[in-house]
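What follows is a set of notes on a single structure, which appears directly below.
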Amino acid sequence: MDTAVKQGMAEMAGASRVAAQCRAPSRGAIRFDEVLAAAVRLARWRMGACVSYRPEADESPAEVAARLIGSMARLSELPAEAALLVQPAAMGQDAVQMMRLLAAARSRAMPVTLDLVAPEATGRLIDQLAMLRVHHDRLGLSLSADRESSLHDADRACEAGVRLRLVHERWADTGAARRQSTEAFERLVDRVAGRATQVMLACHDPQTLDRSVEQLRRAGSAVTLELQPDQPRQGVLWVARSRQVPVRSLLHYGRPAAPTRLGTLARQPRVLWWSTLSSSLSTLLPA
């Protein structure tokens, strides 16, 4: 066979492989059945699951909403109550799609928290909170402590009567950065204590968690701990078990996460998490 023909055929085959890889799910993607299996293991250790879906780039808002609604039947069958963490940006900030999702979640009594990953759209979403809450009385809002607008956003969220999820800044590299992160988180906790009826703390620092739980409970707010997939867990889990704080663990599926500062993907920390827990399970189970 002529050399030029062979080269052309090889190039065509290579192009076909690339196209197939683009259409197929990424190898690093986490499947929904993996999340379900992880949630069953969590339930054995008296933990709930907070499930988040990362859509593919070519999925439409309607497709994302349909996928989330379709997941609810199996999530509602889990041994421990599951909750959804939803990115409104993935649904194009479309109020109609979000109302569809909330109506379906309400029919299954499944909590839904809206995750504000797009800061520029925060104001618009908070404007819609009162309307969205009509469609689901277990609606929550996620606020990151490192954003300057979060204190003001927390005020408006408390006025709307939604649950709150407060996120501690990611693990900082320097002592000064850690102090700033902790102070910002504690200011946010202080702002909502006694005003929000239910607060979920996504916090990786045991001392900060301990102080926050004490402050929120003293003010009359119910508290839950959410464990993060890429942050230290054992210390905060010890605090939660000691104080009898309900625990959920965040589980992602769909498109893989970007590498963390340790160079690992979302799938790997979860494997380390199970092995860490199993080595000290007797001390970390609730009484």
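It should be emphasised that the depicted structure is a prediction, and the values quoted were computed from it without experimental measurement. Note: hydrogens, waters and symmetry copies are ignored here, and every other heavy atom, side chains too, is used.
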Taking C-beta and beyond as the side chain, do [X] and [Y] meet within less than 4.5 Å on heavy atoms?
X	Y	result
Arg46	Val247	no
Gln128	Met98	yes
Met99	Val134	no
Ser52	Leu250	yes
Leu85	Arg165	yes
Val86	Asp115	no
Leu201	Leu216	yes
Met91	Leu101	yes

For the [atom1] atom of [X] and the [atom2] atom of [Y], what is their distance to the nearest 0.5 Å?
X	Y	atom1	atom2	answer
Leu75	Leu36	CG	CG	6.0 Å
Gln87	Gln93	CD	CD	10.0 Å
His152	Arg147	NE2	CZ	14.5 Å
Leu84	Thr113	CG	OG1	9.0 Å
Leu42	Cys50	CG	SG	11.0 Å

Residues in side-chain hydrogen bond (donor to acceptor under 3.5 Å, both in side chains) contact with Arg211, at least two apart in sequence or another chain: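 Once residues adjacent in sequence are excluded, the partners of Arg211 under the side-chain hydrogen bond (donor to acceptor under 3.5 Å, both in side chains) criterion are Glu186.
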
Using the test side-chain hydrogen bond (donor to acceptor under 3.5 Å, both in side chains), find all partners of Asp58 that sit at least two apart in sequence or belong to another chain.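 side-chain hydrogen bond (donor to acceptor under 3.5 Å, both in side chains) list for Asp58, sorted by chain: empty.
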
Return yes if a side-chain donor-acceptor contact under 3.5 Å exists between [X] and [Y], otherwise no.
X	Y	value
Arg218	Gln215	no
Arg67	Tyr53	yes
His168	Ser181	yes

Assigning hydrophobic clusters by single linkage (Ile, Leu, Val, Met, Phe, Trp, Tyr; side-chain heavy-atom cutoff under 4.5 Å), is [X] placed with [Y]?
X	Y	value
Leu225	Val167	no
Leu68	Leu125	yes
Met200	Val189	no
Leu129	Val112	yes

Surrounding CD of Glu214 (heavy atoms of other residues, nucleotides or ligands, distance under 6.0 Å), is the total greater than 12?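 Result for CD/Glu214: enclosed.
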
Before accepting this row, confirm whether a basic side-chain N of the pair [X]/[Y] lies closer than 4.0 Å to the acidic partner's carboxylate O.
X	Y	result
Arg179	Glu183	no
Arg138	Glu81	yes
Asp127	Arg156	yes
Asp155	Arg195	yes

Work out which heavy atom in [X] is nearest to a heavy atom in [Y]; give both atom names and the distance.
X	Y	value
Arg133	Ala160	CD-O, 3.2 Å
Leu166	Phe185	O-CE1, 3.6 Å
Leu188	Ser150	CD1-O, 3.8 Å
Val236	Arg233	CG2-O, 3.1 Å
Met110	Ser76	CE-N, 3.8 Å
Ala95	Leu132	O-CD2, 4.5 Å

Go through the steps for Ser221 and Val192 under the test side-chain contact (heavy atoms from CB on, under 4.5 Å), then give the verdict. CA-CA 9 Å; Ser221 299; Val192 306; over 6 Å; no

Passes side-chain contact (heavy atoms from CB on, under 4.5 Å), Thr224 versus Gln198? Steps please. CA-CA 8 Å; Thr224 303; Gln198 297 193 18; 5.9 Å; no

Between [X] and [Y] (side chain of the first, backbone of the second, donor and acceptor by atom type, cut-off under 3.5 Å), is there such a pair?
X	Y	value
Gln97	Asp94	no
Ser249	Ala49	no
Ser60	Glu63	yes

Among Arg243, Arg217, Arg241, find the residue that satisfies the salt bridge (Lys or Arg N to Asp or Glu O under 4.0 Å) test when tested with Asp210. Arg243

What pairs with Arg187 under salt bridge (Lys or Arg N to Asp or Glu O under 4.0 Å), at least two apart in sequence or on another chain?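 Arg187 satisfies salt bridge (Lys or Arg N to Asp or Glu O under 4.0 Å) with no other residue.
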
